[in-house]
Structure formats: C-alpha cells, structure tokens
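A, B, ... follow the sequence lines: proteins, then strands. Residue 1 opens every chain.
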Protein chains: 2
Amino acid sequence: MNTLSYGLLALLTANSLSGYELTQSIKPLWRAGHSQIYPLLVSMEQKGYISYERIEQTDKPDKKIYTITEAGLEQLREWVETPADPPVLRDELHFKLYSLWLARPEEAKALLVRRAEFCRSELDRYNLMIKANEALCQERGETRELTATTFGRYLLLRKRVMDMESSVAFCEWAIGELESNAVPLE
Amino acid sequence: MNTLSYGLLALLTANSLSGYELTQSIKPLWRAGHSQIYPLLVSMEQKGYISYERIEQTDKPDKKIYTITEAGLEQLREWVETPADPPVLRDELHFKLYSLWLARPEEAKALLVRRAEFCRSELDRYNLMIKANEALCQERGETRELTATTFGRYLLLRKRVMDMESSVAFCEWAIGELESNAVPLE
DNA sequence: CTTCACATGTAATGGGTTACATGATTTA
DNA sequence: TAAATCATGTAACCCATTACATGTGAAG
C-alpha cells in the first residue's frame, strides 16, 4: 500500500469507478499512468480493500467498476490520521534558475514566461474544478456524507489554486528582476 | 544525464566540491541520497564533464574534489536554455485533505498544524540561506561571474520562500475552515 | 483515413530509497 | 560507550515512465 493506492481509495469514497476513470480522475492531483494503476487495483482487490463488478459492453470494451469495501474504508481512515510526510517537489526550473546567468537574456526570460503560462492554465483548470464541485454540492441536497466529500475536494483544490497563484507571482517578480539586473551587470 | 546530474553540475559552477559536500549542498533543493550521487559523479567524470583531484587526509577519510570542465559548462549552458518540464509534486497531504471527513476533528486539525510547523521551519531555513548568500555577495567584490552565481541562488531561494509562505497561508486558512464547518455539519 | 476516446493489461528500463559495508575522530 | 560527522562506495528493492499489445466506434 503506497501513497498512490491510498489516493485511489480516496477517490473511490466519492464514486465507484473503473480503472480507466480512476486514471483520468487522479491525473490533475497526482502524476501516474494507467500502467501503474491497474496492478495496484488487482493487489487491493486481493487484499479485500476494493471489489469490482464486470460490466459487459458491446460497442466499447468491457470494464470493471471498482467499489471501496468496509475494510478499505477502515484502512483509509487509519492512514488519514497518520502524519503526512514532507512533500517531494522535483522541479527542473530550480536548477535552471540557479544557472540562469549561463543563458542568453531572451532565453532566460522565455523560460519564466513559459512557466507562468503553464501555471496560469493549471490555475484556470483548478478554478473550473472548484465551480463544478460547488454545482455538484448544490445539485445534490445537503446530506452529511456528500458535503463531507465535496468539502475535502474543495480544500484540496484551494491548495492547488494557492500554489499556482504563488508560482505565477514568482515568475512575474523574477521577470522584473531579470530586466532590472540586465544592464548594471555589464 | 538526468535532472539530478545537471543539478550537480550547476552546484559545481559556484565551487569545487567533494561528493559528500555535494550531497549536503543539494539536500535543501532536491531530495537525493549519496547512493544516487556517487555513481552519477563517476559517469560524468567518464563523459568529461567534471574532473577530480584526490585529497589525502590523515585524520578524516580521503576525498575527491570535483571541478566542472569546459565541456561540462557547455553542456549545462545548453540544458539551461531548453524549456523546463512541468514540476512533479508528490504530497500525501493532498489525498489526506480529500479524505479529511474520515478523520476525527482533532486529528484533522493536527495534520494541518504539523504541516504549517514544517513549512515555517523550512521558511526560516531558506531565509537564513538568503542572508548567507547576501553576505557572501558583499564579502567578495562585484566581479561579473560571482554576482551571476549569487543572483541565480537568490532567485531560487526566493522561489522556495514564496512557495513555503503560500503553504503556511493555506494551512492557516484550512484550519479556519475546519473550525467554522465543524458545527453546522451535524 | 487518420486520430481520438474507450478500455485493460504486460514488459523493459530508468530513477529513487533503504540497507549493507567500512572506519577514524570528535562530542555527549 | 553510544551517537554524530566525515567520507565513499555497492546491492536490493520499490516506484515511475515509456513502450509494446489489442480492439471497437465515432468524429474530423
């Protein structure tokens, strides 16, 4: 049971989903390909944390819809209360910033402009997800379980939004620094 | 040549360092153990990007001081100008936030308090590094190469500071949300 | 007629973590 | 006397990415 396994369990508390749908759903939150996910689903099914129902389809390939079990929910509940390990961030940009004096000025600026664009598009995506989540929350009534899962999703999405806003702010600040430092160095 | 290799090259543009020192220096910027670093140094030495001098010591074990070569500097220069891949963030807290409704309220709050404390200590560490970098900048004169490496280090450290400030702000906001949502749900 | 979406799997390779291995000196 | 710092390396294992593999239907 690695972190990704718990992430899959977490998604399954909101909805029963196929391996394919889990792969799509987890993408904005955690980088993982389908080749990582399918074997984990097999192993969690063997452990009794999830169960599946085979859905036969004629037009599309058959699929397996996974549902979290009581044992799976209990496992997840225990994990949630354990302290979260420090986050691991691997960002090439860090080393490129460190070595930015080696780049031609236009290329240095381009590096930051591209990153700012990437972060703005991520920001838009997360903001859309927040809106979809709020709509879902209103559409369904206010039963306790449902507001609980939409609340968790809201917290998470707000975190992603704040992180992206901070990254955009950094890029804009750094572009300004580049421009004000360009001349005095020579 | 993976990202970590370029990171090691980047550090060697400021100072010649031993494998041990590189391991310590890179820690605040990139998670990597010495068992990853020593083999990369061997392979970069074989490629001609770095060279080393063996220093014999009597009180402590012998060491190898690595220096970047012209070829290494050229390799790094080319890499810096290529677009930076999107960052990869793996943070358990994301999934724990999603599943926070499963945790008892005190444990949910403790999760966020612990993370806020971690981020504040990181923030302090980076702020100290910025001060050390500024002192270094003043101590040495203002020759072009030196201001260049201290500038890159400054940019990078400011990014880390901004990221940590954003994380602390999130934790504080989320703790407030937890408290205001605790009662109305029942 | 090619690409995209749906849908599930395996295999090879590369990257990262933990543990094994050694050994002197200093500090608690 | 136990732990920490300095110093370098290897081995085993786990995790992640890319590629291989198959097949239908819809849309451009």
Side-chain angles (χ1 to χ4, degrees), chain A residues 1-8 11-12 15-27 29-47 50-66 85-92 94-95, chain B residues 1-9 11-12 15-47 50-66 85-92 94-95:
Chain A
M1 287 297 289
N2 55 21
T3 305
L4 180 53
S5 303
Y6 286 107
L8 295 170
L11 290 179
L12 290 175
N15 280 308
S16 292
L17 296 165
S18 66
Y20 184 84
E21 287 167 324
L22 279 166
T23 305
Q24 310 303 313
S25 308
I26 213 159
K27 251 177 204 166
L29 311 178
W30 194 272
R31 182 152 138 189
H34 71 273
S35 60
Q36 253 182 298
I37 290 168
Y38 288 120
L40 291 180
L41 291 172
V42 170
S43 112
M44 285 199 289
E45 195 267 332
Q46 283 165 359
K47 291 190 183 95
I50 54 178
S51 63
Y52 70 90
E53 193 195 349
R54 166 159 245 119
I55 306 288
E56 287 179 23
Q57 300 181 121
T58 48
D59 52 337
K60 296 174 196 173
D62 294 359
K63 61 180 174 179
K64 295 177 180 174
I65 300 291
Y66 287 93
D85 279 348
V88 177
L89 174 61
R90 291 183 199 274
D91 190 350
E92 277 191 18
H94 288 355
F95 294 139
Chain B
M1 287 296 289
N2 56 21
T3 305
L4 180 54
S5 304
Y6 286 108
L8 295 170
L9 282 186
L11 290 179
L12 290 175
N15 281 307
S16 291
L17 295 166
S18 67
Y20 184 84
E21 288 167 324
L22 280 165
T23 305
Q24 310 302 315
S25 308
I26 213 159
K27 250 175 204 168
L29 310 178
W30 194 273
R31 181 153 139 188
H34 71 274
S35 61
Q36 253 183 298
I37 290 169
Y38 288 118
L40 291 179
L41 291 172
V42 170
S43 114
M44 285 199 289
E45 195 268 331
Q46 282 164 1
K47 290 192 183 93
I50 54 178
S51 62
Y52 69 90
E53 194 197 347
R54 167 160 244 120
I55 307 289
E56 287 178 22
Q57 301 181 121
T58 46
D59 52 335
K60 297 173 194 175
D62 295 358
K63 61 180 173 179
K64 294 177 183 175
I65 299 291
Y66 287 93
D85 279 349
V88 177
L89 174 61
R90 293 185 196 273
D91 190 352
E92 276 190 22
H94 289 354
F95 293 140

Backbone N/O of A:Arg31 and side chain of B:Arg90: donor-acceptor pair under 3.5 Å: yes
Taking the side chain as C-beta and beyond, is there a heavy-atom pair between [X] and [Y] under 4.5 Å?
X	Y	answer
A:Leu89	A:His94	yes
A:Ile65	A:Glu21	yes
A:Ile26	B:Phe95	yes
A:Tyr20	A:Lys63	no
A:Met1	A:Tyr6	yes

Between the protein and nucleotides 22-27 of chain D, which nitrogen or oxygen pairs are less than 3.5 angstrom apart?
none

First encountered from the 5' end of DNA chain D, between B:Val88 and B:Ile65: B:Ile65
First of A:His34 and A:Leu4 reached from the 5' end of DNA chain D, by closest nucleotide: A:Leu4
Report the distance from atom [atom1] of [X] to atom [atom2] of [N], rounded to the nearest whole Å.
X	N	atom1	atom2	result
B:Tyr6	C:dG15	OH	C1'	16 Å
B:Ile26	C:dT17	CD1	P	12 Å
A:Gln57	C:dC6	CD	C1'	8 Å

Pair A:Ser43, A:Lys47: side-chain N/O donor-acceptor within cut-off below 3.5 Å: yes
Sugar-phosphate, base or nothing in reach of A:Arg90, heavy atoms under 4.0 Å: sugar-phosphate
Sugar-phosphate only, base, or nothing, as touched by A:Gly33 at under 4.0 Å among non-hydrogen atoms: nothing
Angle between terminal axes - the helix from C:dC1-D:dG28 to C:dA28-D:dT1, 5 pairs each end, rounded to 10°: 40°
OP1 or OP2 of D:dT8 under 4.0 Å from side-chain N/O of B:Tyr20: no
Under 4.0 angstrom between A:Arg31 side-chain N/O and D:dA16 OP1 or OP2: no
Select one nucleotide: of [options], the one nearest the side-chain heavy atoms of [X].
X	options	answer
A:Ser18	D:dA16, C:dT8, D:dC6	C:dT8
B:Tyr66	C:dT8, D:dT17, D:dG9	D:dG9
A:Ser35	D:dT17, D:dT8, C:dA7	D:dT17

Neighbour count above 12 (heavy atom, 6.0 Å) for A:Tyr38 OH: yes
Enclosure of B:Gln24 CD (heavy-atom neighbours >12, cutoff 6.0 Å): yes
